[in-house]
> 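Quick one: structure below, then a few questions.
Predicted model, so just to flag it, every value in this text is computed and none were measured. Residue numbers start at 1 and run along the sequence shown. Remember, it's 1-based here, ligands and their atoms both numbered in the order they're listed. Below, all heavy atoms of this structure are taken into account, side chains as well, without hydrogens, waters or symmetry copies.
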Amino acid sequence: MSERSYLDWNATAPLRPEAAAALARVSGETGNPSSVHAEGRAARALVEEARAQVAALVGARAENVTFTSGGTEANGLALSPALGTSRLLMSGIEHPSVRAGGRFARDAVEDISVTPGGVVDLDALAARLEDLAAERVRPLVAVMLANNETGTIQPVRAVADLVHAAGGLLLVDAVQAAGRIACDIDALGADLLTLSGHKLGGLTGVGALVRRDESVRPEAVVTGGGQERGQRAGTENVPGIVAFGAAAAAARAMLEPEQARLAALRARLEAGILAITPEARIFGAEGPRVPNTTLFSAPGLKAETAVIGFDLAGVAVSSGAACSSGKVQPSHVLAAMGVPPALARGAVRLSLGWSSAESDVDHVLEAWIKLAGALLKRSRGIAA
Ligand code: PLP
């Protein structure tokens, strides 16, 4: 088959046509948004229009959106003890950019366990928050909205209620959720929320930290000029920000129809995988997930071999987290869920998006029939 099928949207999404059109409109423009002349003011207007579009996607006020160089930097900016929080609690399935702990000292960082279904353990969190409240320790808690590997949706509202009752603050990494499910900062109860342009159909290298209100003010990491209200110095990435805004507006406009369409495609994909390999396990499928993500494995499967096999068959997929693909290391997400290492080693992630079609799903399944026959022969033989 000569056509390729792209099923790695959680790694990065193709540019949305609306973002490409916005980029084409600004590509001839010159002007630093901080300059007072007409060219500078025009650039400023573009940045502020995009800020309003990004804010609208998450129900925030535009002035509480800080543009960064991506989701990674937004998470690093948010993880600031200067918020008045002296302890960082994070779920075991957070993205590495959160797991790195930002500016918290190593011994001020604690893990919150997750259930075998890949959802943060609310009882464990409640118990730990109670202890910290008794010690008068004010925590920052980081729980993502949708996991990048499994797609599991976390009970963020319930987490927020527990965190606020204990006097803490909540960071929600919504990088993989925005544009896929409703993501309103107030409804979620987030104090800080992070986004990435390229996961939404914008460009790589741009993201945002969104604050509930002015009072939540992390200490800047990138310092220098007073851009972004002192939260992030450096001349703004105008094309990246414009594309991010356009992608956010398009994702917002298409949210409901895309959700329904992707859920149907994913159901067809998973039914096909299970029909071909009944021994396959789909991680996190017992609870709510974003509609575009499937992470599966089967006994005896080696993800790196499967990814190469899919690639040769014309299908782009990834093994576990894309940020760490290329390196063969077990997924910390599946480890936190208690998945045996041998099964975790075979985890393959298939992720869809707005331009995915039934033909892509059929392409994957055709490839999987052939690959499963070859890759699982030995383990099936042993099991038989
Ligand atoms: N958070 C999550 C959940 C992600 O999946 C990613 C990227 O994979 C990031 C943060 C980092 O975003 P960026 O690639 O824009 O740095």
> For ligand 1, which atoms sit closer than 4.0 Å to a heavy atom of Q176?
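That gives atoms 3 (C), 4 (C), 5 (O) of ligand 1.
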> Can a salt bridge be assigned to the pair R261 and E258 using a cut-off of 4.0 Å between side-chain N and carboxylate O?
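Answer for the salt bridge query: no.
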> Give a yes or no on whether E29 atom CD has more than 12 heavy-atom contacts from other residues, nucleotides or ligands under 6.0 Å away.
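Enclosed: over 12 neighbouring heavy atoms sit under 6.0 Å from CD of E29.
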> Does any N or O of ligand 1 fall below 3.5 Å from an N or O anywhere on S97, backbone included?
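No - when backbone and side-chain N and O of S97 are compared with those of ligand 1, no distance drops under 3.5 Å.
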> Counting only nitrogen or oxygen atoms and a 3.5 angstrom limit, does V206 reach ligand 1?
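V206 vs ligand 1: no N/O contact under 3.5 Å.
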> Any salt bridge between D184 and R157, counting N to O under 4.0 Å?
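Not counted as a salt bridge, because no side-chain N and carboxylate O are separated by less than 4.0 Å.
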> Would you check, one step at a time, whether the test salt bridge (charged side-chain N to carboxylate O under 4.0 Å, His left out) holds for R349 with E149?
CA-CA 7 Å; R349 183 183 67 187; E149 296 188 31; over 6 Å; no
> Closer than 4.0 Å to some heavy atom of H198 - which atoms of ligand 1 meet that?
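Listed by number with element: 13 (P), 14 (O), 15 (O).
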> Taking only heavy atoms of M144, which atoms of ligand 1 are found under 4.0 Å from at least one of them?
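Reading through ligand 1 atom by atom, the close ones are 3 (C).
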> Kindly write out the residues that satisfy side-chain contact (heavy atoms from CB on, under 4.5 Å) with A303, not counting sequence neighbours, or none if the list is empty.
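S319, V348.
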> Verify the neighbour count for atom CZ of R252: are there more than 12 heavy atoms of other residues, nucleotides or ligands below 6.0 Å?
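Not buried by this count: 12 neighbours or fewer within 6.0 Å.
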> Pairs under 3.5 angstrom only: tabulate donor-acceptor contacts from the side chains of residues 132-146 to other protein residues two or more places apart or in another chain.
unit_1	atom_1	unit_2	atom_2	d
R138	NE	G167	O	2.7
R138	NH1	L83	O	3.2

> Less than 4.0 angstrom from a charged side-chain N to a carboxylate O is my criterion; do R61 and E214 meet it?
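Answer for the salt bridge query: no.
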> Could you list which atoms of ligand 1 come closer than 4.0 Å to a heavy atom of G70?
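With G70 as reference, the close atoms of ligand 1 come out as 15 (O).
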> Is N10 close to ligand 1, meaning an N/O of one under 3.5 Å from an N/O of the other?
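No, N10 has no N/O under 3.5 Å of an N/O on ligand 1.
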> Under a heavy-atom criterion of less than 4.0 Å, does K199 contact ligand 1?
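The answer is yes, since K199 has a heavy atom less than 4.0 Å from ligand 1.
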> For ligand 1, indicate whether the residue N75 contacts it via side chain, backbone, both or neither (heavy-atom separation under 4.0 Å).
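N75 to ligand 1: side-chain contact only, backbone stays beyond 4.0 Å.
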> In terms of atom number and element, which parts of ligand 1 are under 4.0 angstrom from non-hydrogen atoms of D173?
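Answer for ligand 1: 1 (N), 2 (C), 3 (C), 10 (C).
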> Applying a 4.0 Å heavy-atom criterion (strictly less than), which segment of T72 is in contact with ligand 1: side chain, backbone, both, or neither?
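For T72, the contact with ligand 1 is made by both the backbone and the side chain.
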> So which bit of E73 gets within less than 4.0 Å of ligand 1, heavy atoms only: side chain, backbone, both or neither?
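No part of E73 comes within reach of ligand 1.
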